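Here is the structure we will look at, set down as structure tokens.
Within every chain, numbering begins at 1; the chains are lettered A, B, ... in the order of the sequence lines, protein sequences first and strands thereafter. What you see is a predicted model, and the numbers here were worked out from it, not measured in a lab.
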Amino acid sequence: MPAKFWNGQKAIWETTSIDGLKTMEPDLVIQMYRSMLTIRLFEEKAKQLYQSGEIAGAIHLSIGQEAVAVGVCSALRLDDAVFSTHRGHGHLIAKGGHLPAMMAELMGRQTGCSHGCGGSMHMFEPQVGFMGGNGIVGGGLTLALGAAFAAQYRGLDGIAVVFFGDGAAQQGTFHEALNLAALWKLPYLAVCENNQYAATTPFAAAVPTADIAPRAAGYGIPGIVVDGNDCLAVYRAAAAAVERARAGDGPTLLECKTYRVEPHCGIIADRRPKEELERWGQPDRDPLEHLRREGGLSDSVISAVRHDVEAELETAVAFARGSPYPDPAAFLQEHANT
Amino acid sequence: MPAKFWNGQKAIWETTSIDGLKTMEPDLVIQMYRSMLTIRLFEEKAKQLYQSGEIAGAIHLSIGQEAVAVGVCSALRLDDAVFSTHRGHGHLIAKGGHLPAMMAELMGRQTGCSHGCGGSMHMFEPQVGFMGGNGIVGGGLTLALGAAFAAQYRGLDGIAVVFFGDGAAQQGTFHEALNLAALWKLPYLAVCENNQYAATTPFAAAVPTADIAPRAAGYGIPGIVVDGNDCLAVYRAAAAAVERARAGDGPTLLECKTYRVEPHCGIIADRRPKEELERWGQPDRDPLEHLRREGGLSDSVISAVRHDVEAELETAVAFARGSPYPDPAAFLQEHANT
Amino acid sequence: MRMLQYIQAINEALHEEMARDASVFVIGEDVDQNGGVFKTTQGLVERFGARRVRGTPISESAFAGLATGAAMSGLRPVVEFMYFDFVSVAMDPLVNQMAKIAGMSGGQLQVPVTVRAQTGARTREAAQHSQSLEAWFLHTPGFKVVMPATSYDAKGLLKSAIRDNGPVLYIENRLLYHETESVPDGEWTTPLGVAEVVREGRDITVVAIGYARKLALAAAQALEGTASVEVIDPRSLAPLDLATILSSVSKTGRLVVVHDAPASCGFGAEIVRRVVAQGFDLLDAEPLVVGSAHVPMPFSPPLEDACLPSTASLTAAIHKIINR
Amino acid sequence: MRMLQYIQAINEALHEEMARDASVFVIGEDVDQNGGVFKTTQGLVERFGARRVRGTPISESAFAGLATGAAMSGLRPVVEFMYFDFVSVAMDPLVNQMAKIAGMSGGQLQVPVTVRAQTGARTREAAQHSQSLEAWFLHTPGFKVVMPATSYDAKGLLKSAIRDNGPVLYIENRLLYHETESVPDGEWTTPLGVAEVVREGRDITVVAIGYARKLALAAAQALEGTASVEVIDPRSLAPLDLATILSSVSKTGRLVVVHDAPASCGFGAEIVRRVVAQGFDLLDAEPLVVGSAHVPMPFSPPLEDACLPSTASLTAAIHKIINR
Ligand SMILES: Cc1ncc(C[n+]2csc(CCOP(=O)(O)OP(=O)(O)O)c2C)c(N)n1
Ligand SMILES: Cc1ncc(C[n+]2csc(CCOP(=O)(O)OP(=O)(O)O)c2C)c(N)n1
Ligand SMILES: [Mg+2]
Ligand SMILES: [Mg+2]
């Protein structure tokens, strides 16, 4: 359970780096698979709890997009900062988030990773470098500048990563943030999760070009397109960008082509073309299946991992259910400043 | 003097087009020269009146940048809409603005082109398609979308032009506007007046690349760089972009490299390098001198034009001085809605 | 008479005004996709085509600016903000451009834009999706602001807003979308600047806007026998029908204003300012404002409930000044 | 004692706080260019270097967001908006991010940012350069708001703002930049939430902020012999020292609030709301607010003068409630 007042913001820049994740060891592949599976099962559980009414509000699921979160975060250290979106459960899990605190947050409990104040869109776990989801499309792009700036300011080699959707790339903040990051050579990695839709608007109805990545040229920085459902491809591209950023060579724009399998949000009706949904539903497009095959993971490894993850999730749900709600009277008293 | 309530907004789209400006006739060159000289002398007069206290507030002069305003506006029809900046006197003059109403506006008179409500930064003369200056850097970029949209919506072939500075190109609106204009193939022309400074910040301290124009590629539209002190070069580039827009082929980003000869605003101290100022002060860099030579204008033509323009300006100043201030009591009564 | 849902009322007003005036068009995110997130634009694109029903990229500044420029050019845009909170990414085109152009041009240009924005706390959407920001626009010269709480006014005010020659902010409440009520047949508009006395009473005047109108009526009901509560819904916050409020206060001598926004510099504070300035001697007790707690809205259901005005908190405020 | 200009006071506070705390940095347009447009950052880049004094592109959203993220990471940014009006292009990072992150994270993160914004009508800069937008931020949970009117407070409040652990909006007035006054030697801070009774009086309380403090003192002077005017400058608008205002009203029974912003949903309305809620029985007359006319500020000097509060309009308001 996170401390009530966590005053160690500086700590994330001072933590010893977790190295050894950089070489493509079999362990890493298993770890990636495990992380993706955790996201998948967490989201399925969340969906179920949402439908049954145990989770309130709005939730945006990232099923189908697991490889982006995991590929990128596997290239990061604990002291690198991640800024997320409205669709951020996967990013937090990939960064090392604690499942019980996440589940408790979704259920609005005091033990949640934002003490019940944030919910699905506003999870915070600064201890693992997760600097928050964001309900404003495009909002994270400029916040992440600040974490990158802080690392540069302190002469440390931490970096900041921001995830954002294809829809967010049409916000003014995209432009302002990339320009400033490029200008000041900030250690910044902008990851566009292009899942081809912004709510119900298809990519082509929002963007006059085929890709977002070429916009990087306008700021004199690299723009890269990768298959966002290929976890190792994402990892390799991210690792190169991270190295570049750490070396002081400035930001990268990384566009990951992927697909959102679930509807945009909660119960919103889905009118995407059937054959499109079917095409992306094929096993060869599934990021978990893809990694299983490419990583040569055996059935026994897979089932052991699944067994573990399911148990962890069960514990998390039980923890959340057993946790108290925050106390309204105490909350109001603390904040009754006007 | 403009009508008090001008309800003919639609008129600017319905006016018969003024053609004949399109071929490079000697008359056009003289007209361009005359327009540039009018801007030059208007600005010099305004500076003088500002220094003597007859003009209050903030004024931003466009001396040295005349070729951009005139080159672009010479490629336009009266029914094309122009959206301007804080440094907009030249744009209005080039679009056919009435000098007495402009001078009266600077002096805050009832007969001003905004009836004294706007001042230097907010001149409006919709009758000649001038849809306003703007005190917010980057503000005009999205407004101009609307005029372009209105033309397209009505099936007319009017276009909208927005002028903006190199500094404005780092605002989010630049990105949002160009993306939307490109997406909807709006009849839109974005003219970046790159005078190499945003207030006291040099271009290189704001932009990580050498040019703004390449950003156009990110939206799949043409981006063009021209010598902004060469009026004919600006005209030719603008005319091509205008043709493209009228034909329904969408927007263009036109970057004009120029230089602001005066300080940024009013009395702000100027610390630009001396040799830079001197270099741009050379006759070969002066837009008027450039056009005189390239257009082969004789001394007698030049002096006749100057004579005319000086007389017009004298009339304008006399008109402004002789005009009454707006009546505060009447103003308050009209607007006392809360 | 017939039954009409609040959301249908919005949709009907859009259909009718688009049919009536070819210069009216609708613009916003997903407005052309299956009626938008909340289905308020249902059927428009099928009927009026993609030219007049424009789904946009997520670029609120761009489309708010576009609407302003289009209105300056003689069109009548209806702009949709998916959530009221998102005006924060477009305050410049709204406040510095749309609201000011008529004034800055000395009255030469008109800017007939309707800005639709949807609000509504109580849905557990937390701090960035629960704000009711009408006060920002009431503080901004150049805007009219309306907030319908019934199907009748949802339709009638939207039609008036679209026909108005200046910028009108039209604030919807997602909690009311599926409320149904009986409305007249035929056409109607609700004029701007006319309040409705929703319930007559003798002892206290409650001014309630948007969702809070329901709280006021519930409180009035609960207090029956104890106190006779007059409920006024201004409907149009600017221009404001102060006369109706003052005349009520001259009868009751007591005033409470209730709304979802925080009280500090909110609409309630403005009503209090105006009522005391013009009707100080009418008051027998201190006028009070019931608003939300001054905190970023928390997600957790019990916290959110505690932070918002309720029938209970409104009743407590009424008791306080009835029993002083 | 020594003489200090308001603008020097700002500059000294920046120098001292940057020297005191290596996590303080300054960011904004032209702040590293010869002291910025108004020279408030004079000498900083020479002394502390380009690493800590960051001139930016014209990208207010980017640098307000950057400041927020940097503060979340343990730094203490001081952000400069060249004119208060320009916050409108950055309301999202200010309101939805900076102000809310402490709350949304359940108190895990602090966001110690000072936002400096410069205002001041009366300079004939028209509608987009004359706004005093403190009410937007007073309405936004998560912000503290201060508005110094003297050199003493300009320095003292800026130091307190920089040391505070949450977002503080610090509002400067360009008309005061060259005012000079005598200040103590040595170091001082002005605590947040403590008002100053600027002038004692018996007949009426005038609450005045920013430039209007000068109007209030001039009116008090002009009315000497007719009415004894107490002038209070809250200095810190949120948190607000209501106790000092209430205790003054308990003596005078009369209240006028004066500021440059329009009255509708402004700071004055909020003061009235709070004073009547807690001190209704103290009042002998209606409290009034004197603000600017509810119009986009016109350029023409006689029009601008007529739209702004003046000693004359304030005196008239005082007369009205003194002679009722
Ligand atoms: C400024 C803003 N505008 C609109 C929205 C409403 N909204 C939430 S998610 C979303 C779609 C975002 O699309 P994208 O960025 O591609 O992310 P995805 O949902 O596909 O992951 C929209 C329009 C918002 N939250 N913020
Ligand atoms: C949103 C906004 N930020 C800052 C300013 C202050 N300002 C006025 S002009 C200017 C420089 C603009 O530079 P540029 O766009 O290159 O135009 P130029 O002045 O060179 O013509 C600045 C920073 C403003 N008016 N609006
Ligand atoms: Mg998407
Ligand atoms: Mg420039």
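- Using a 4.5 Å cut-off between heavy atoms, D/Val276 contacts chain C through both its backbone and its side chain.
- With chain C as the partner, the residue from D/Ala102, D/Ala261, D/Ala269 showing the most heavy-atom pairs under 4.5 Å is D/Ala269.
- For a residue to count as touching a neighbouring chain, one of its non-hydrogen atoms must lie under 4.5 Å from one of that chain's; by this rule D/Leu283 touches chain C with backbone and side chain alike.
- With a 4.5 angstrom heavy-atom cutoff, D/Ser61 does not touch chain C via any of its atoms.
- Side chain of D/Ser88 to backbone of C/Met91: no donor-acceptor contact under 3.5 angstrom is found.
- Closest heavy-atom contact between C/Asp281 and D/Arg324: OD2-NH2, 2.8 Å.
- Using a 4.5 Å cut-off between heavy atoms, D/Pro298 does not touch chain C at all.
- Counting heavy atoms from C-beta outward, C/Gln131 and D/Asn96 have side chains that approach closer than 4.5 Å.
- Of the atoms belonging to D/Ala126, not a single heavy atom falls under 4.5 Å from chain C.
- Interface summary for chain D: among C/Ala99, C/Pro262, C/Gly103, the most heavy-atom pairs under 4.5 angstrom belong to C/Pro262.
- With a 4.5 angstrom heavy-atom cutoff, D/Ser132 touches chain C only via backbone atoms.
- Salt-bridge check for D/Asp85 with C/Lys100: failed, with every basic side-chain N at 4.0 Å or more from each acidic carboxylate O.
- Residue with the most contacts toward chain C among D/Leu138, D/Val89, D/Val272: D/Leu138 (heavy-atom pairs, distance under 4.5 Å).
- Only the backbone of D/Ala285 has a heavy atom closer than 4.5 Å to any heavy atom of chain C.
- C/His294 NE2 to D/Phe143 CZ: the interatomic distance, rounded to the nearest 0.5 Å, is 10.5 Å.
- The shortest distance between side-chain heavy atoms of D/Arg273 and C/Glu270 does not fall below 4.5 Å.
- For chain C, the nearby part of D/Leu288 is the side chain; its heavy atoms alone come within less than 4.5 Å.
- Proximity of D/Val275 to C/Glu286: side-chain heavy atoms (C-beta onward) are nowhere separated by under 4.5 Å.
- Residues C/Pro141 and D/Pro296 come closest through the heavy atom pair CB-N, 3.8 Å.
- Between atom OG of residue C/Ser264 and atom CZ of residue D/Phe267 there is a gap of 9.0 Å, rounded to the nearest 0.5 Å.
- Contact check for D/Trp136 versus C/Cys265: no side-chain heavy atoms found under the 4.5 Å cut-off.
- For chain D, no part of C/Ser292 is nearby; none of its heavy atoms comes within less than 4.5 Å.
- Between C/Met297 and D/Met104, every side-chain heavy-atom pair lies at or beyond the 4.5 Å cut-off.
- Contacts between D/Gln278 and chain C at a heavy-atom distance below 4.5 Å are absent for every atom of the residue.
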